[in-house]
Structure formats: structure tokens, C-alpha cells
Amino acid sequence: MKKDTIIYEAHNNLYLNITNKCTADCVFCIKRYSDGVYGYDLRLTREPALSDIIKELSQIDISQYEEIVFTGLGEPLVRLDDVLEITRWIRTRGLPVRLDTIGHAKLLYPGRNVAEELADAGMKVVSISLNAHDEETYDDLCNPKFKNSYGKMLEFARDVSKNGMELRFTVVNLPVVDIDKCREIAKEYCADLKVRGYGGPV
Ligand code: SF4
């Protein structure tokens, strides 16, 4: 049986792949055309337990990396409590932590202040998949599991900044996406915008 890739490295960063679950089903998702990135197979045969993730992290000299990033082939915030615990563990060792997320936290956890909890745990950067310049395009591209995901994602983005974390947006450079409007949104939210290329089939 293959060993699942929970942790992988690239660009001087260490990446954490803690789930394949997601609250969206984006038409451009890597899952639709590949098993992973940078030559790593990120399909999990089972979600790793928190203790397994911490155990693997403990076996690595994490101080050699610039940043530890929750990302991978899924939405890390479906495991919010584990993200918080792992973030605390890393922060006590002095490394900066980034979360890559689709940003549906307010819909996943309506009774919690997720941004505040992340900031309290020591999260430094939150990179949210903006993905579109308006709700209609967003829904077409991302097939979110919740209604009003676009608006709630933007509300979460405000929370991120309000709680002192660095906010970034990402968007995939597809013909239906108005990148200039996305830049305007990013400016309004005082966030950097990273425009990514699409590497899948057309
Ligand atoms: S949010 Fe990310 S992991 Fe989820 S479907 Fe979209 S691209 Fe894939």
C-alpha cells in the first residue's frame, strides 16, 4: 500500500496536505486532471490523524523552511481544530504559517469567529481563492456547496485583515474571469492578488 503524502516541500516551503475534502468543486481543480503537484501524489487513502501529522512534522528539521503552508488537494479548514492545533505547534517553534483556503469558514462554522481563532493560534498569512470578479461567475466556476459563498468568502477576507493577519487573494487566469476587476477587489481589501495559470485540459 502506498504511503500517503501528508507533507511535501517545494520553493523552500513545507506544504501540509491534511485532507482531500472540499466545500467546492472548481472546474479548474487539479483533482480533476492530476494526482498532485511538483511530482507528489497528494491523493490520500485516509485523512491522517492529528497525531500522525505532528509525528511527521517532528521528524523534519522545519527550521530550514521559510514558511509552512496548509494547502494540498483539499480545503484545510474542513479540519479547523486540527489546523489550529498544528499552527500552535509550529508557532512555538518559531516558523511562519500560511493557510491557503477557499474561504468558506463562516459557512462551515457559523457559530465561531474563525479568523480570530486562526490569529490567536499564530497564523500569519491567509491566502483566499477569490476565483472570480462576481458571484455568478464564482458559482459557475467553483460549484460551492453553500449558498452565498462568494459574499461570505469576502466577509471572511475582511475578518482576516481585521484580526491582523496578512490577506492574499488568488485567481486562475481563465477567459471568463475579469482579472482587472479582481485586481480592484484585491485593492479594496488591501490584499495582494496572485494570478495563477491554468495547467489542465481545455
Ligand atoms: S477549492 Fe481548491 S481543492 Fe477545492 S475544488 Fe477548488 S481548487 Fe479544488
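Start at 1 and go down the list; that is how both ligands and their atoms are numbered. When reading the values below, keep in mind they use all heavy atoms of this one structure, side chains included, and skip hydrogens, waters and symmetry mates.
- Side-chain contact of Thr137 with Asp134: a donor-acceptor pair under 3.5 Å is present, judged by distance alone.
- At distances below 3.5 Å, at least one donor-acceptor pair connects side-chain atoms of Arg32 with backbone N or O atoms of Cys26.
- Judged purely by distance below 3.5 Å, without hydrogens or angles, the side chains of His133 and Tyr138 never pair a donor atom with an acceptor atom.
- With hydrogens and angles left out, the side-chain atoms of Tyr65 and Glu9 include a donor and acceptor closer than 3.5 Å.
- The distance from the CD1 atom of Ile68 to the CD1 atom of Ile62 is 5.0 Å, given to the nearest 0.5 Å.
- Judged purely by distance below 3.5 Å, without hydrogens or angles, the side chains of Thr19 and Glu75 never pair a donor atom with an acceptor atom.
- Near-neighbour remark for atom 4 (Fe) of ligand 1: protein N, O or S atoms under 2.8 Å are Cys22 SG; waters not counted.
- Atom 2 (Fe) of ligand 1 is never approached by the protein to below 4.0 angstrom, counting heavy atoms only.
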